[in-house]
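The model shown is predicted, which means the values in this text are computed figures rather than measured ones. Protein chains get the first letters and strands the later ones, always in sequence-line order, with residue 1 at the start of each.
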Amino acid sequence: MALMERVEVDVAVIKSAILISQRLLLVSTLLPLFLHHSIQAAVLATDRVDVLYHSYDGGGMKIDGPAVLLRKKATESVAISAYYYVDTISSASVDVLSTASPYSEERQEGQLGVEYLHDKTIMALSVKQSDEDDYLSNSVNFNISHDTFGDLTNLSLGFAYSDNDIMRNGDDLFQEHSQQYRIRAGISQILTKNLSINLNVESVADEGYLNNPYRTVRYLDASIPSGVGYQSEVYPNTRNSFSTKLSASYYLPYRAALFLHYRYFTDSWQIDASDVELSYRHPIAKSVELEFKVRYYQQTQASFYSDLFPHQNAQNFMARDKELSDFNDLTLGVGVTYLIPQKYAISDWRSEISLQWDHITFNYNNFRDPTADAALGEEPLYGFSTDVIRAFISVYF
Amino acid sequence: MISRLALARVLLAFILLNVGGCAQLPIEPWVKPYERQNLADPIMQTNRHPIANMHVAHVYEARESSRGSDGTGGGGCGCN
């Protein structure tokens, strides 16, 4: 049995590798097609610093903290960037309440990057570390993009590798490991003087310990009074996914912008997902910009997911993680940016202050609320809503 | 899977033929640099607020199974 699983996993990895290499070949074949049309040089992004406060509140979880992003050109062809982000988490979510105690923890993330511009090509290399009590992740990320065809077309390729150490609080002997590989390609095309579109594809391959070490599945157990037993989740040790995103940006004649995104996702755990987002940006006079967003997401459940298993060790792989269940969510968002008048600016630097608020509603179609007072397996389906707030200042210097 | 492989092969063959046969494409860039002021307007930048976009991507990646093609690099999510 174990041998059969291993063979299936190997076949999945090989198929994924073939798909990635075919898509890469397509893009690398496209690249020289446009090279001879070059006219104008690309430029690095403007120097800026952003300081942000973020907050997430919903479903029994409160997460907030600061973030800082700095970008600075060292020369006309080299730019450096630094990013620091903190999540302070206090959780009493439905997963925690059913089998464990509320907890609090902190996650810190740091990123350093360098960009190099040569003619019409930008190469970007960044390293990243994310650190929690029970999770340490180190990543390296490389991207290359090239303007071509009279700068109507931009082609990009990227690779990323992450190495993760997974621990479990309260269990010093628990030490697991996983790795993630990402490969992506994109094409951006100006179609008219008011319309541009983007097509991005990305393949992600994980291997190693992919479980959440705290979460459990529940199963029917007639031998105990409550009738329900709990055991640890067991996930496959590989996961391969592929996503495609199509975006369009349209300039409206009265100076406003309309954005449409559609993404399709599929993976080797049989999760199919898609999301569609429409956003609209509208300036008022010279100093205010309003932004409105609506986004809908839906996914099918993983092949090894069940809300309630019929007995202990019912399958080789088992999950009751609501993020792997069948669900949908809807985001309604609004944002405002205020361009600070020049007379209040520090050293004549252009500055903006922004506030964004997203309200997200999650509806689970096969995840029942185990804290509800109802017969086993007949509890109401779970759902929650959350408010996500970002307040930030951007200074261009 | 088979249909995807077949599609990729057809596309590849098509592109290879184009590279070989149409090295001098008759198509010229049709939107001139001086016609791009609308597209260059700051309100048209999808990454107008990069720090906010990174947070949005992080929230969705922690709550949804879908990942990739969102412009972020991946890594730990703090969502145990």
So which part of [X] gets closer than 4.5 Å to some heavy atom of chain B, the side chain, the backbone, both or neither?
{"X": "Arg168(A)", "answer": "neither"}
{"X": "Ile271(A)", "answer": "side chain"}
{"X": "Gln129(A)", "answer": "neither"}
{"X": "Gln111(A)", "answer": "side chain"}
{"X": "Arg71(A)", "answer": "neither"}
{"X": "Thr386(A)", "answer": "neither"}
{"X": "Ala273(A)", "answer": "side chain"}
{"X": "Val68(A)", "answer": "backbone"}

Criterion side chain to side chain contact (heavy atoms under 4.5 Å, CB included) on Asn53(B) and Arg390(A), from CA distance to verdict: CA-CA 10 Å; Asn53(B) 286 2; Arg390(A) 289 171 289 276; over 6 Å; no

Heavy-atom side-chain proximity of Thr331(A) to Tyr60(B) below 4.5 angstrom: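 The answer is yes, as the side chains (C-beta and beyond) meet within the 4.5 Å cut-off.
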
Side-chain heavy-atom pair Ser65(B), Leu324(A) within 4.5 angstrom cut-off: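 In contact.
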
Residue among Gln299(A), Gln298(A), Arg263(A) satisfying side chain to side chain contact (heavy atoms under 4.5 Å, CB included) with Ser66(B): Arg263(A)

Reference residue Ser69(B); test side chain to side chain contact (heavy atoms under 4.5 Å, CB included); the match among Leu199(A), Asn200(A), Asn198(A), Thr244(A):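 Only one option passes, and that is Asn200(A).
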
State the [atom1]-[atom2] distance between [X] and [Y], to the nearest 0.5 angstrom.
{"X": "Arg67(B)", "Y": "Asp267(A)", "atom1": "CZ", "atom2": "CG", "result": "6.5 Å"}
{"X": "Ile43(B)", "Y": "Arg255(A)", "atom1": "CD1", "atom2": "CZ", "result": "5.0 Å"}
{"X": "Trp30(B)", "Y": "Leu191(A)", "atom1": "CH2", "atom2": "CG", "result": "6.5 Å"}
{"X": "Ser249(A)", "Y": "Asn38(B)", "atom1": "OG", "atom2": "CG", "result": "13.0 Å"}
{"X": "Glu323(A)", "Y": "Glu61(B)", "atom1": "CD", "atom2": "CD", "result": "12.0 Å"}
{"X": "Lys32(B)", "Y": "Leu152(A)", "atom1": "NZ", "atom2": "CG", "result": "8.5 Å"}

Shortest non-hydrogen contact from Val56(B) toward Asp358(A): CG2-OD2, 4.5 Å

The single option from Tyr83(A), Tyr56(A), Tyr85(A) passing ring-ring contact (aromatic ring centres under 6.0 Å, His included) against His58(B): Tyr85(A)

Aromatic ring pairing His54(A)/His55(B), orientation class (parallel under 30°, perpendicular over 60°, tilted between): tilted

May I ask you to say whether [X] pairs ionically with [Y], meaning some side-chain N is under 4.0 Å from a carboxylate O?
{"X": "Asp41(B)", "Y": "Arg281(A)", "answer": "no"}
{"X": "Arg48(B)", "Y": "Glu291(A)", "answer": "no"}
{"X": "Asp329(A)", "Y": "Arg63(B)", "answer": "no"}

All side-chain contact (heavy atoms from CB on, under 4.5 Å) counterparts of Tyr53(A), not counting sequence neighbours: Ser55(A), Asp64(A)

Under the side-chain contact (heavy atoms from CB on, under 4.5 Å) test, residues paired with Leu252(A) that sit two or more places apart: Tyr250(A), Tyr254(A), Ala256(A), Leu258(A), Tyr280(A)

Heavy atoms of other groups near Lys193(A) NZ, more than 12 under 6.0 Å: no

